[in-house]
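Throughout, protein chains are lettered first and strands after them, A, B, ... in sequence-line order, and every chain is numbered starting at 1.
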Protein chains: 4
Amino acid sequence: MGNQPKRIALLTSGGDAPGMNAAIRAVVLAAHHFHIEVLGFFHGYNGLLENDPTLLDLSAVNDIIRLGGTILKSARCPQFQTETGLKQAANTLVKQHCDALIVIGGDGSFAGLLALKQHWDGQMIGIPGTIDNDIDGSDATIGFSTAVNTAINAIDKIRDTANAFERIFIVELMGRHSGHITFNVGVACAAEQVLSFENFSADNREQKLKQLAQEIASVQQTRHNSYILVIAENVWPGGATALARELKETFAIDSTACVLGHIQRGGSPDAKDRVIATKMGVAAVQALINGENEVMIAEQNSRMCSVALKQAIQHQKKINPNLVAAHENILAVTAQNQC
Amino acid sequence: MGNQPKRIALLTSGGDAPGMNAAIRAVVLAAHHFHIEVLGFFHGYNGLLENDPTLLDLSAVNDIIRLGGTILKSARCPQFQTETGLKQAANTLVKQHCDALIVIGGDGSFAGLLALKQHWDGQMIGIPGTIDNDIDGSDATIGFSTAVNTAINAIDKIRDTANAFERIFIVELMGRHSGHITFNVGVACAAEQVLSFENFSADNREQKLKQLAQEIASVQQTRHNSYILVIAENVWPGGATALARELKETFAIDSTACVLGHIQRGGSPDAKDRVIATKMGVAAVQALINGENEVMIAEQNSRMCSVALKQAIQHQKKINPNLVAAHENILAVTAQNQC
Amino acid sequence: MGNQPKRIALLTSGGDAPGMNAAIRAVVLAAHHFHIEVLGFFHGYNGLLENDPTLLDLSAVNDIIRLGGTILKSARCPQFQTETGLKQAANTLVKQHCDALIVIGGDGSFAGLLALKQHWDGQMIGIPGTIDNDIDGSDATIGFSTAVNTAINAIDKIRDTANAFERIFIVELMGRHSGHITFNVGVACAAEQVLSFENFSADNREQKLKQLAQEIASVQQTRHNSYILVIAENVWPGGATALARELKETFAIDSTACVLGHIQRGGSPDAKDRVIATKMGVAAVQALINGENEVMIAEQNSRMCSVALKQAIQHQKKINPNLVAAHENILAVTAQNQC
Amino acid sequence: MGNQPKRIALLTSGGDAPGMNAAIRAVVLAAHHFHIEVLGFFHGYNGLLENDPTLLDLSAVNDIIRLGGTILKSARCPQFQTETGLKQAANTLVKQHCDALIVIGGDGSFAGLLALKQHWDGQMIGIPGTIDNDIDGSDATIGFSTAVNTAINAIDKIRDTANAFERIFIVELMGRHSGHITFNVGVACAAEQVLSFENFSADNREQKLKQLAQEIASVQQTRHNSYILVIAENVWPGGATALARELKETFAIDSTACVLGHIQRGGSPDAKDRVIATKMGVAAVQALINGENEVMIAEQNSRMCSVALKQAIQHQKKINPNLVAAHENILAVTAQNQC
């Protein structure tokens, strides 16, 4: 173990996710345990360009496990995508005597890591932190569980008022280009219908609009009740607002659009996200000590493991097909018949 | 007390508010205590037109104190505003042998009560239930406290991600035409700025836009931090979305608009709303027994009292001027200097 | 205004309460607005003995409005109750050039302030911060609202499992020697029975035990349901655990005792506590500027005012009699008949 | 598929767990989809003895997905463990024309199922519902995730007041005879120490007491901070209260014992528990249609599968060893050094 790193650079990048602070804490605790220093860089990859890091000692991470957001902040960094930017970042790491770099973020952040590889030869580890849960190779990403819980708590409230007025709501959820959040929230909220990439393509837009209109009309005729449709962002051109307008204009159906928005990114992480973030942070330091490089820490079947970064960014993780099938074939069809 | 009512009609009307179920329960419990029956009519005043009520016994209200929404449902009722509608409603009350009518709702619902007076001579009591807190004569209305808490929980989450990215958010809150929700939420969330009817008129739109732009620019230059502006619905033409667009187009300022929407109407009522709803429900039945009529149950200085319905709907309740002054003169000005 | 203070000493004392940080922030913001410095002393009055304060600038209070606990910490301080301790504290205030002292705490902390008066002649202001709500002269104290909400959220969960098993629970709540928390929680949770100082004295212990046993037996015979009794700490010798044991031993009644405990002290303050703490913090600084002394900032009928400290600590605040009467005469009696 | 069941008996048994209602709903929806009737029996196996079931149609399960507890109630049933009881239960199933029985509960409930097998030859399916997560063969049980989240929310509040007073808390958690809840909560709350079956046996009681005392003393000397020890119920003779007393009596260490108790059983299920309960409910009906018998529905590596009931009750599920190792070797050791 003579080659174990002496100083780790650490940053959070991409969209922030609840649990990132728990991962930061775990990296710092584990590193301290193995007598390794941790330098925190701020604002994602910008921190490597700005070269103004902070030494993260134990007191810096005291009681942060339960805080939303990230104490290291995050930001886009277009400069980092240039040759000059990458060189500058590599320079900073050399100047700061960092042997290793741990990045907590999503697939875009991991692509950044691999690009940096050409200019710097330290060890590189990725920790999957994104509410979207779309990283291939890990059963879960930090932040997903909390985001889903935040969304269902919000929709439970919407259900109350929807029931009182027997109204139709179209609730738009985050998730970039995958339906992990949308399908889990839809099932967990007993949404009458779910619209996501997995069960809809924009080619069938007119057909889908008609189908939704018929479904809603049928529900309204046969029973007094609310109707909640959850849709993934980016799945319907113009989003929930456009869909509500089209239902009104084409089929004279009144509905209320709700875009849940950034509340899904914040909040104290739930237990799942704190635990997985802690396990991943510890595992990342252990992986460094084991000499691993260019890997992402992952959870597969409840065990920590490593996945090549290249592989992790190649595909987007598919949603559990059982969940889609159960909803499509049984739950949605039956739920709409509740009287 | 030979004249005490034997059968009360009960309905919820207007926008639903957390705590309405607690009020329903209290009316039923108190009525049962005094050997009075309670008939529940559904969907607001529509229930009086449809004449399909339910006898509310004790088991019907068991464990509903903590439920959001209203088990009696609510709805708009344009028909009730016609002479025919009013007569039909009066007919129902006579046919159902109701001596009294209790309506839980806002000022629109109370105006409906007074209109009905011309066609029916039973006792009439209003209980102020609206998240907007805009009913003159009562220190609080059922649902306001919960709505404010729901909003601050949401904005606390937004603050997390706003801090992580040092972003500007414009969060739009409910409140119809008053700033009770907006100012309380703004102060409770340490919002950097609050925009409501009390401190802004649309005439000053251009001037305000410029002022906001300067303020934001100044904050961004002098410190790394987030900036949250909360605005009341209906106060800025086009709402938060339009304001964000104007800031971008005119001053090249990036901000994110969030419309919190209907989550503010739902959710389990907080302790304050459950307690006040319970006190008001009990007081409403006691007022009927005392022979009162055409009054609204109110809380003034922590005591239950009655206010003439006519008076209650005459003016909109003003917001606590201390709160506005404290925010305008001290909090907002100082908060923007935090470094 | 030539005599306005230039430097304020600030500390939190006694049991911590959610919202204390919001009050600290408001004092610092308002002081900054009027160009006054604020020195924060740690661990209650111990901080005055230790003489190791921190200058609280705007950045020190950034984003603390939503944090539970107190960043200035709190602690018992027996030494402060001695002549030597008081002199030492006075010395510190002189050495640190403090013109004024603001203490956020309960009546014990205010008594401390008055004792210090003999040794120091600066301005003294108390801000009522205690979850017990037992300070005479103010309609509300900082922390009470949050503590009540925390308790009802916990009891709502207990109700779920109590319903599932049709069980009897005895839930013990905080409140020292007053029933503000217990009665409000009892009403808000639709507790079948409430036991507090206002409706029970230990002299009637045997009689009360028998009455409870009869009531519970009667409920169990006539209907399938849960039964929740909330009791104030210190009201029954040995607390909830002893009461459950006595019910078992004397009447063979099975019940489960739950002592909610310190969860009632923590958590992010709710909107009410954040707003009132903010108003009180601003008002405290304004009172200093107005030359007031030996007063407590209070809220009466939604307005800020000042109350002589002497008066504030003379009596314990009585609970709203309407609430007790409504519960005792109507709610409890009726609720037990639910089938 | 000519042999698919026509009528399913459904009951919940053992300790109630959040998500049981979601499972009930899913069974009813899926059964309805396949034109199968569902009879709900109340109070666990007592319902089979009492023979007073209810037909569960779609409206009976409308909007119950988010409710804590179980609408079918639960209870102990000693009679069911007798030959007479089992025969009576079998009789009921025959009389009610039930082809299949689905039981949602823990390993005790599954043992009951197998016992019934001797007297009745219908299909039998178990769905693992228990907050303890101790059922071998399934990665998760319904209710575990919610219970852990409830506990961390409570301990986050305790941490606030512990920090304010730099106090020591001993928090006792549920879990019967396994440390799933305790270890997950301990890690998620950054507890300074965790005491559970996995890392402690009562034989080492004196040694452990001494070790804890030294650890606490060392923490108190080197830094100002709180210290939270979470312990599993049944692990220390006398529980948290006894441990606190022993620390005081033997080592003069003040600490506060908190028994979280039944709040861990209640509350609206979180997203994880709603989703897994829904998937398991659907899978149970599908398993019946596929002709499976004497199996438990399980989730393994994110997929639904079946496990022989016999196997499921043979062993108690072990806790994830990575979690214990990470905590024991790194987190606890390091966390105590935070300054």
Side-chain angles (χ1 to χ4, degrees), chain B residues 22 25-26 28-30 32-34 57-59 61-66 139 145 148-149 151-153 156 159 163 184-185 187-190 223 225-226 268-275 278-279 282-283 285-286 300-304 320 322-323 326-327 329-331 333-335 337-339, chain C residues 22 25-26 28-30 32-34 57-59 61-66 139 145 148-149 151-153 156 159 163 184-185 187-190 223 225-226 268-275 278-279 282-283 285-286 300-304 320 322-323 326-327 329-331 333-335 337-339:
Chain B
R25 172 182 174 269
V28 171
L29 259 61
H32 181 270
H33 180 74
F34 293 111
D57 59 10
L58 292 178
S59 70
V61 298
N62 188 22
D63 214 17
I64 68 167
I65 197 173
R66 54 179 170 150
D139 292 350
S145 180
V148 170
N149 275 317
I152 71 162
N153 288 337
D156 280 358
R159 178 70 78 180
N163 280 345
N184 276 278
V185 168
V187 169
C189 288
R223 60 182 178 113
N225 229 327
S226 57
S268 181
D270 70 4
K272 171 77 187 288
D273 280 330
R274 295 188 197 184
V275 169
T278 300
K279 289 198 286 190
V282 170
V285 174
Q286 288 175 324
Q300 292 180 358
N301 307 339
S302 312
R303 274 159 214 272
M304 288 292 112
N320 187 324
N322 293 11
L323 193 63
H327 186 273
N329 300 333
I330 297 178
L331 299 170
V333 177
T334 317
N337 295 321
Q338 287 176 27
C339 44
Chain C
R25 171 181 174 270
V28 171
L29 259 61
H32 181 271
H33 180 74
F34 294 111
D57 58 11
L58 292 178
S59 70
V61 298
N62 188 23
D63 214 15
I64 69 167
I65 198 173
R66 54 178 170 152
D139 292 349
S145 180
V148 170
N149 275 317
I152 70 162
N153 288 336
D156 280 358
R159 179 70 78 179
N163 280 345
N184 276 277
V185 168
V187 169
C189 287
R223 61 182 176 112
N225 229 326
S226 56
S268 181
D270 71 3
K272 171 78 187 288
D273 280 329
R274 294 187 198 183
V275 169
T278 300
K279 288 199 286 189
V282 170
V285 174
Q286 288 174 325
Q300 291 180 359
N301 307 340
S302 312
R303 274 158 215 271
M304 288 293 113
N320 187 324
N322 294 10
L323 192 62
H327 185 272
N329 300 333
I330 297 178
L331 299 170
V333 177
T334 317
N337 295 321
Q338 287 176 27
C339 44

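The two residues B:A188 and B:I152 come nearest to each other via the heavy atoms CB-CG2, 3.8 Å. Residues C:S302 and C:K279 share a closest heavy-atom pair of O-NZ, 4.4 Å. Scanning all heavy atoms of the two residues, the minimum distance from C:R274 to B:C189 falls at NH1-CA, 4.3 Å.
Chain C forms more heavy-atom pairs under 4.5 Å with one residue of B:N149, B:V28, B:V187 than with any other, namely B:N149. For the set C:D273, C:I330, C:N329, the entry with the most heavy-atom pairs within less than 4.5 Å of chain B is C:I330. Ranking B:Q286, B:M304, B:R159 against chain C, the residue ahead of the rest is B:R159, based on heavy-atom pairs under 4.5 Å. Options B:K272, B:R66, B:Q300, B:H327 differ in how many heavy-atom pairs under 4.5 Å they form with chain C, and the most are formed by B:R66. Comparing C:N153, C:N184, C:D139 by how many heavy-atom pairs each has under 4.5 Å with chain B, the most go to C:N184. Contact count against chain C (heavy-atom pairs under 4.5 Å) is highest for B:D270 among B:L323, B:N322, B:D270.
For B:I65, the part lying under 4.5 angstrom from a heavy atom of chain C is the side chain only. At a 4.5 Å heavy-atom cutoff, the contact between C:V282 and chain B is made by side-chain atoms alone. Only the side chain of B:N320 comes within less than 4.5 Å of a heavy atom of chain C; its backbone N, CA, C and O stay farther away. B:T278 touches chain C through its side chain: at least one heavy atom from C-beta onward sits under 4.5 Å away, while N, CA, C and O do not.
In this model, a donor atom of one side chain and an acceptor atom of the other lie less than 3.5 Å apart for B:N163 and B:S226.
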